[in-house]
Amino acid sequence: MSYAANFGVTLTQHVLHRQALHPNARGQFSQLITQIGVAAKLISAQVRRAGLIEIWGATGDENVQGEEVQKLDRIANDTLKEVLIQSGCVSALASEEEDEFISVPSALLGDYVVAFDPLDGSSNIDSSVSIGTIFAIYHRRSIRESSVNDVLRPGYEQVGAGYVMYGSSTVMVYTAGRTVDCFTLDPSCGEFFLTRSDLKYSEKTHVLSINECNIPYWPTWVKPFVKEIIDRNDEAHREITGRHIGSLVADFHRNLIKGGLYLYPEDRRTGRGKLRLLYECNPLAFIAEVAGGAASTGRGRILEVMPEDLHQRVGLIIGPKADVALAEAFAREAAKAEA
Ligand code: AHG
Ligand code: MN
Ligand code: MN
C-alpha cells in the first residue's frame, strides 16, 4: 500500500494538468494562479495571527472611496502587489486599495492583467469573522505601455477569476472558464489541495442573503421580491433560510455550496450599489456563470456592464439562475409601473 496515494491533487498539479490541455500555452496563466496561491498563503498566515500581533484595527488612513483602511487591508494589498509584480505574469493591476491602476515595470511585464479586492469584509476583521481576497484575470490588452483601458473592461472579457476565503479553513476557489474548483490549505504542510471540483449551483434557492436593515434604501422591487422568496416557506415545509455574514466572499462561498441567493441592490438614495464592479462583482459573476448560476445588477447581466471608473459601484444579485431572472423580472415590472 502506498501512503502517498491519499495526499490528493495540489493546486500546482491541478493548474499544470489543465495547462496540458492547451498544447500552445506558454504557462503564464498557470504561474499566475500558483503565485496567487502563494500570496494567499502569506495573507492567510497574517490573518491567522491578527490579534496576537499588532495588526488589528485601522491604519488611520482613508482609501479613495472614503473608507477606513484597516492594517490587514494594507498588508494584503502590499502582499498581492509585490507577489504579482514579481511573478512576471502581469502588465497592469487594479486594487480596491489603490487610487489609480498600477503599471508594471517593463522588465517584469507579463501577459495578464489582474483586478483585486485584497481583503474583502474588512469590517469583520476585529471580530474574527471570515474575510477573503477576490481577483479577476484578463489578457493584457496594450502592446507596450499599459493604460487604464487594460483594467476598464467588461467582465465577459475575463479569462479567469477566483477568491480566497480565510474562514474556519483557508480555501481558494478559481475558474479558468470551464469548471469552478475549490482547494483547501493544509496548514501543516502549507499546501493547497483540491477538495471540491466542478462546483455547481443547485437549481433551487435554499439560502437568502441580504442586509435587511437596508430596507429603507432598497429600490421598490426588492421588498416584494424578498417576500416572494420567503413565502416559499410554510408551516409544513421550510425551503429557505436566511444567512448574511457581511463579507461578500464568505456569503458567496456558502451560497455556491448550499444554493444561495445574495443581493446587495442599488441604494434608492444614490441609484448605485455598494459593491465594486471591477474587483468584487465581475470576478464573482464570472464564477457564478461557470457554476451554472447568474449575476445581475437588477437591470442586466453584470458581465456586460461597461466600466467607466476603477472603483465603480453597482447593484448585485447573484446565485441560482432562475431566481436571478425572477429578481430582474420584479425590477422590470417596478420600472414599468414607475415610468
Ligand atoms: P470591503 O471590506 O472590501 O470594503 O467590502 C465590504 C463589502 C462586502 O464584503 C460586504 O458584503 C458588504 O460590504 C457589507 O456591507 P454592509 O455593511 O453595508 O451590509
Ligand atoms: Mn470587498
Ligand atoms: Mn476590501
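Just so you know, ligand 1 is whichever comes first in the structure, and atom 1 is the first atom listed for that ligand.
Across Ser202 and Pro320, no two heavy atoms sit closer than the pair O-CB, 3.6 Å.
Atoms of ligand 1 found under 4.0 Å from any heavy atom of Arg276 (numbered from 1 in listed order, with element): 1 (P), 3 (O), 4 (O), 5 (O). When each atom of ligand 1 is checked for a heavy atom of Glu67 under 4.0 Å away, the hits are 4 (O). The atoms of ligand 1 that sit less than 4.0 Å from any heavy atom of Leu248 are 8 (C), 9 (O), 10 (C), 11 (O). Counting the atoms of ligand 1 from 1 in the order shown, those under 4.0 Å from a heavy atom of Asn211 are 16 (P), 19 (O). If you number the atoms of ligand 1 from 1 as listed, the ones under 4.0 Å from a heavy atom of Glu280 come out as 3 (O), 5 (O). Atoms of ligand 1 found under 4.0 Å from any heavy atom of Leu119 (numbered from 1 in listed order, with element): 2 (O), 3 (O). Within ligand 1, counting atoms from 1 as listed, the ones closer than 4.0 Å to a heavy atom of Gly121 are 1 (P), 2 (O), 3 (O), 5 (O), 9 (O). Close approach of ligand 1 to Ser247 is summarised as follows: ligand atoms under 4.0 Å from at least one heavy atom of the residue are 9 (O), 11 (O).
Here's the thing with Glu96: one of its N/O atoms is less than 3.5 angstrom from an N/O atom of ligand 1.
Taking 4.5 Å as the limit, some side-chain heavy atom of Ile230 sits within range of a side-chain heavy atom of Leu208. Side-chain contact check for Asp120 versus Ile131: every heavy-atom pair is 4.5 Å or farther apart.
Using the six-membered ring where Trp is involved, Tyr174 and Phe183 have ring planes that are parallel, under 30° apart on the 30 and 60° scheme. Ring geometry for His244 versus Tyr262: interplanar angle under 30°, hence parallel rather than tilted (30 to 60°).
Connection of Leu80 to Leu11 is established within a shared hydrophobic cluster, with ILVMFWY side chains joined at heavy-atom distances below 4.5 Å, either directly or through further cluster members.
Salt bridge Arg243/Glu212: absent, no basic N to carboxylate O contact under 4.0 Å. A salt bridge is absent between Arg313 and Glu280: the closest approach of a Lys/Arg side-chain nitrogen to an acidic carboxylate oxygen does not fall below 4.0 angstrom. The existence of a salt bridge linking Lys200 and Asp198 is confirmed by a sub-4.0 Å separation between a basic side-chain nitrogen and an acidic carboxylate oxygen.
Aromatic ring centres of Phe29 and Tyr112: separated by under 6.0 Å. Note: Tyr279 and His311 meet the aromatic proximity criterion, with ring centroids under 6.0 Å apart.
Looking from atom 10 (C) of ligand 1 to the surrounding protein, the closest heavy atom is Gly246 O, 3.1 Å. With hydrogens left out, the protein atom closest to atom 15 (O) of ligand 1 is Lys274 NZ, 3.1 Å, a heavy atom. Nearest non-hydrogen protein atom to atom 5 (O) of ligand 1 is Asp120 OD1, 3.2 Å. Among all non-hydrogen protein atoms, the one lying nearest atom 18 (O) of ligand 1 is Tyr264 OH, 2.5 Å.
When non-hydrogen atoms are compared, ligand 1 lies under 4.0 Å from the side chain of Tyr262 (C-beta onward) but not from its backbone. Contact annotation for Leu275 and ligand 1: only side-chain heavy atoms (C-beta onward) come within less than 4.0 Å of the ligand. Contact annotation: for Ser122 versus ligand 1, heavy atoms closer than 4.0 Å belong to both the backbone and the side chain. Residue contacts with ligand 1, taken as heavy atom pairs separated by less than 4.0 Å, involve Asp117 solely via side-chain atoms from C-beta onward. The proximity of Gln65 to ligand 1, defined as any non-hydrogen pair under 4.0 Å, does not occur for either the backbone or the side chain.
Among the heteroatoms counted here (N, O or S) of Glu280, OE2 is the one nearest to the Mn ion (ligand 2). Residue Glu96 approaches the Mn ion (ligand 3) most closely through its N/O/S atom OE1. When distances from the Mn ion (ligand 3) to the N, O or S atoms of Asp117 are compared, OD1 comes out shortest.
Between the Mn ion (ligand 3) and Asp73 there is no N/O/S contact shorter than 2.8 Å. When distances to the Mn ion (ligand 3) are checked against a cut-off of 2.8 Å, Leu119 contributes an N, O or S atom below that limit. Residue contact annotation: Asp120 places no N/O/S atom under 2.8 Å from the Mn ion (ligand 3).
Asp181 and Ser197 share no side-chain donor-acceptor pair at under 3.5 Å.
A cation-pi arrangement is present between Arg269 and Tyr217 under the rule of less than 6.0 angstrom and at most 45 degrees off the ring axis.
Under the side chain to side chain contact (heavy atoms under 4.5 Å, CB included) rule, Glu96 has a single partner from Asn77, Asn63, Leu310, Leu119, which is Asn63.
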